[in-house]
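Computed from a predicted model, the values in this text were never measured in an experiment. The figures here come from the full heavy-atom set of this structure, side chains too, leaving out hydrogens, waters and symmetry mates.
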Amino acid sequence: QVQLVESGGGSVQAGGSLRLSCAASRYTISSVYCMGWFRQAPGKGREGVAAIRHGSTIYADSVKGRFTISKDDAKNTLYLQMNSLKPEDTAMYYCAADPSCVPTAIRPLGVPGYNSWGQGTQVTVSS
């Protein structure tokens, strides 16, 4: 499994920006072609926010146009740039990896299929 550690969360006002980072170890991220960002708000299930598969990006409708997922192979890190943040974006954010890209082929924003998860980083957006 890929070991993942998220960072970059914090508290911001609505309209602000944050960049989340997900550092990978035990794998070089350049060989992990399928990764994603997920979030879980209190009392709700975990939902997919953004995914990157073989260089192509997929976004949930709720964040399209505001969030950008990217990989920096040289730094072995996955990023999530979040702009125009809203109070409803408040959640714990997790990165995940599917090294084989097979389980997540049908639903890249679905939780099942990703077998490596970080511990999460909290994002709080105030109005």
(request) Apply side chain to side chain contact (heavy atoms under 4.5 Å, CB included) to the pair Arg66 and Met82, showing each step before the final yes or no. (result) CA-CA 6 Å; Arg66 299 188 298 123; Met82 306 186 296; over 6 Å; no
(request) Report the C-alpha distance between Lys86 and Asp89 in whole Å, list the side-chain angles of each, state the deciding distance to 0.1 Å, and finish with yes or no for salt bridge (Lys or Arg N to Asp or Glu O under 4.0 Å). (result) CA-CA 5 Å; Lys86 304 176 181 180; Asp89 295 319; over 6 Å; no
(message) Within the structure provided, determine whether Ile52 and Tyr79 are in side-chain contact (heavy-atom separation under 4.5 Å).
(response) no
(message) Taking the side chain as everything from C-beta on, heavy atoms only, tell me whether Arg46 gets closer than 4.5 Å to Trp117.
(response) yes
(request) Supply the atom-to-atom distance Thr104 OG1 to Tyr33 OH, rounded to the nearest 0.5 angstrom. (result) 14.0 Å
(message) Looking at Thr124 and Ser11, would you say the former's side chain and the latter's main chain have a donor-acceptor pair under 3.5 Å?
(response) no
(message) So which atom in Gly120 and which in Met92 form the shortest heavy-atom distance, rounded to 0.1 Å?
(response) C-SD, 3.7 Å
(request) For Asp72 and Ser70, test the side chains for any donor-to-acceptor distance below 3.5 angstrom and give the result as yes or no. (result) no
(message) Other residues, nucleotides and ligands only: do more than 12 of their heavy atoms fall within 6.0 Å of NZ on Lys44?
(response) no
(request) Kindly check if the number of other-residue, nucleotide or ligand heavy atoms within 6.0 Å of CD (Gln13) is above 12? (result) no
(message) Can you tell me how far apart CD (Gln119) and SG (Cys95) are? Round to the nearest 0.5 Å.
(response) 8.0 Å
(request) Look at the side chain of Ser116 and the backbone N and O of Val2, then say whether any donor-acceptor pair between them is shorter than 3.5 Å. (result) yes
(message) Distance check, rounded to the nearest 0.5 Å: Ser7 atom OG versus Leu20 atom CG?
(response) 8.0 Å
(request) Carefully, step by step, assess Asp73 and Lys71 under the rule side chain to side chain contact (heavy atoms under 4.5 Å, CB included). (result) CA-CA 6 Å; Asp73 291 342; Lys71 281 174 63 184; 3.5 Å; yes
(request) Establish, from distance only, whether the side-chain atoms of Asn83 and Ser17 form a donor-acceptor pair under 3.5 Å. (result) yes
(request) For Cys101 and His54, work out which heavy atoms get closest and say how close. (result) SG-NE2, 3.7 Å
(request) Output every pair passing ring pair (Phe, Tyr, Trp, His ring centres under 6.0 Å) with a member in residues 80-103, not counting sequence neighbours, ordered by first then second residue. (result) none
(request) Supply the atom-to-atom distance Tyr114 OH to Leu109 CG, rounded to the nearest 0.5 angstrom. (result) 6.5 Å
(request) Would you please name every residue forming a side-chain hydrogen bond (donor to acceptor under 3.5 Å, both in side chains) with Arg107, sequence neighbours left out? (result) none
(message) Nearest 0.5 Å, please: how far is SG in Cys22 from CG in Leu4?
(response) 4.0 Å
(message) What's the separation between atom CG in Leu80 and atom CZ in Arg39, rounded to the nearest 0.5 Å?
(response) 9.5 Å
